[in-house]
Amino acid sequence: MGVPIRRAGESDRAEVVGLLDEAFMRDPVSSWLFPDERRRRERHGGLMEAFLDMAFAEGYVDIAEDGSGVALWWSVSAGPAPEDAADGPVHLRQAVDPDNERVETIGRLTSEIHPSDRPHQYLHLIGVKPQRQGEGIGSALVAPVLERCDREGLHAYLEASSPRGRELYLRLGFTDLGNALDLPDGPRMWPMWREPQMV
């Protein structure tokens, strides 16, 4: 199925935040972050908007023309993170849900496992509307970036937040990188790496 993809901009903010909020509302990691469903409905959209702001600042956002899916990518350089990066999870918690330690915890844990030895494209989030999942929209969103990675010899990285997502990424050429991350009293996440493929 051909799904036209375009680069999203500031004018797409409300649509992207709403799409991500809907797509991840029942995700295992989102459910762990906000175990109380009422609080999740109140705060989850703010977390998605914070992630969108990071993508606009550090990378780019691709959206399906029909609004069915969106992907947030960052371009990550090799080497240690900037000194102020350690404060990122704290600032995220303060901005989204100050009383929720899990927002800060997941930021710290994923930062600790994020590879720093090679530059790469980081697929931070990809969301597809629940009623459109299984139609190939996720693959269509990822394909142009992976094709560029292959052409330019770039690596790619992500953390899969569900077994279903992990299976998709395995089909797209990603492999497990190190050990899975088990969130405290929560679900498992899989760090995954993709080497550029021969074209």
Side-chain angles (χ1 to χ4, degrees), residues 5-9 16 20 24 27-29 33 47-48 50-63 69-92 103-128 137-184 186-199:
I5 307 298
R6 66 174 174 82
R7 190 62 38 95
V16 169
L20 290 171
F24 284 95
D27 180 79
V29 173
L33 281 168
L47 179 63
M48 297 299 109
F51 288 155
L52 177 63
D53 287 339
M54 286 187 245
F56 280 152
E58 304 290 334
Y60 49 95
V61 178
D62 288 338
I63 188 169
V70 64
L72 278 56
W73 291 91
W74 300 4
S75 297
V76 179
S77 302
E83 287 185 25
D84 62 348
D87 296 331
V90 175
H91 295 311
L92 182 63
V103 173
E104 183 177 339
T105 297
I106 195 169
R108 291 195 183 286
L109 292 174
T110 54
S111 294
E112 288 170 7
I113 63 171
H114 198 124
S116 60
D117 59 332
R118 288 170 282 184
H120 56 274
Q121 300 301 294
Y122 175 34
L123 179 56
H124 184 222
L125 280 180
I126 182 169
V128 175
I137 295 165
S139 296
L141 279 162
V142 174
V145 177
L146 296 184
E147 288 168 7
R148 181 168 67 86
C149 287
D150 292 342
R151 279 194 316 273
E152 299 178 13
L154 300 172
H155 307 280
Y157 172 75
L158 57 84
E159 298 107 5
S161 63
S162 70
R164 180 179 178 179
R166 179 175 171 267
E167 291 301 319
L168 167 65
Y169 302 128
L170 288 170
R171 289 194 302 272
L172 293 172
F174 286 85
T175 58
D176 291 321
L177 179 66
N179 297 321
L181 169 62
D182 290 313
L183 296 172
R188 173 168 285 185
M189 298 178 73
W190 292 267
M192 304 185 77
W193 186 261
R194 185 180 184 275
E195 296 284 336
Q197 312 287 307
M198 297 294 292
V199 292

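What you see is a predicted model, and the numbers here were worked out from it, not measured in a lab. We use all heavy atoms of the structure for the numbers below, so side chains are in, but hydrogens, waters and symmetry mates are not.
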For this session: Please step through side-chain contact (heavy atoms from CB on, under 4.5 Å) for the pair V90 and R108, ending with a clear verdict.
Result: CA-CA 9 Å; V90 175; R108 291 195 183 286; 3.2 Å; yes
For this session: Please name the pair of heavy atoms, one in S139 and one in L172, separated by the smallest distance, quoted to 0.1 Å.
Result: OG-CD2, 4.3 Å
Problem set entry | Distance flag, aromatic centroids of H114 and H124, threshold under 6.0 Å | no
Exercise. Under a 4.5 Å cut-off applied to non-hydrogen side-chain atoms, are W74 and H120 in contact?
Worked result: no
For this session: Please report the closest heavy-atom contact between G107 and P89, naming both atoms and the distance.
Result: C-CG, 3.7 Å
For this session: Determine whether V145 and L123 make a side-chain contact, defined as any pair of heavy atoms from C-beta on separated by less than 4.5 Å.
Result: no
Exercise. Are any of the side-chain heavy atoms of M189 and L109 separated by less than 4.5 Å?
Worked result: no
Problem set entry | Closest approach of A55 to V61 (non-hydrogen atoms, all atoms of both residues) | CB-CG2, 3.7 Å
Exercise. Under 4.5 Å between any side-chain heavy atoms of L177 and Y157, yes or no?
Worked result: yes
Seminar exercise, completed: Smallest heavy-atom separation, D27 atom then S161 atom, equals OD1-OG, 3.0 Å
For this session: Evaluate the side-chain proximity of L125 to F24: yes if any heavy-atom separation is below 4.5 Å, no if none is.
Result: yes
Exercise. Are the side chain of Q197 and the backbone N or O of E195 linked by a donor-acceptor pair below 3.5 Å?
Worked result: yes
Exercise. Rounded to the nearest 0.5 Å, how far does CZ of R118 lie from CH2 of W193?
Worked result: 4.5 Å
Problem set entry | D62 and R7 ion-paired at < 4.0 Å | yes
For this session: To the nearest 0.5 angstrom, please state how far the OG1 atom of T105 sits from the CG atom of L183.
Result: 9.0 Å
Exercise. Taking side chain as C-beta onward, heavy atoms only, is P119 less than 4.5 Å from L154?
Worked result: no
For this session: Side-chain contact test, heavy atoms from C-beta onward, threshold under 4.5 Å: evaluate it for L158 versus Y169 and give yes or no.
Result: yes
Exercise. Rounded to the nearest 0.5 Å, what separation is found between the CG atom of L47 and the CG atom of L52?
Worked result: 11.5 Å
Seminar exercise, completed: Nearest heavy-atom approach of I5 to A140 is CG1-O, 3.7 Å
For this session: Report yes if some heavy atom in the side chain of L92 is under 4.5 Å from a heavy atom in the side chain of E104; otherwise report no.
Result: no
Exercise. According to the salt bridge (charged side-chain N to carboxylate O under 4.0 Å, His left out) rule, which pairs have a member within residues 166-183, sequence neighbours left out?
Worked result: R166-D176, D182-R188
For this session: Assess whether side-chain contact (heavy atoms from CB on, under 4.5 Å) is satisfied between L170 and M192, documenting all intermediate values.
Result: CA-CA 9 Å; L170 288 170; M192 304 185 77; 3.6 Å; yes
Problem set entry | CG/D117: more than 12 non-hydrogen atoms of other groups inside 6.0 Å | yes
Problem set entry | Presence of salt bridge, D150 and R194, under 4.0 angstrom | yes
Exercise. Side chains of E58 and S75: do they bring a donor and an acceptor to under 3.5 Å?
Worked result: no
Exercise. Does the pair F174 and L146 meet the rule for a side-chain contact (heavy atoms from CB on, under 4.5 Å), with working shown?
Worked result: CA-CA 10 Å; F174 286 85; L146 296 184; 4.1 Å; yes
Seminar exercise, completed: Scanning both residues in full, the closest heavy-atom pair of V16 with A8 reads CG2-CB, 4.5 Å
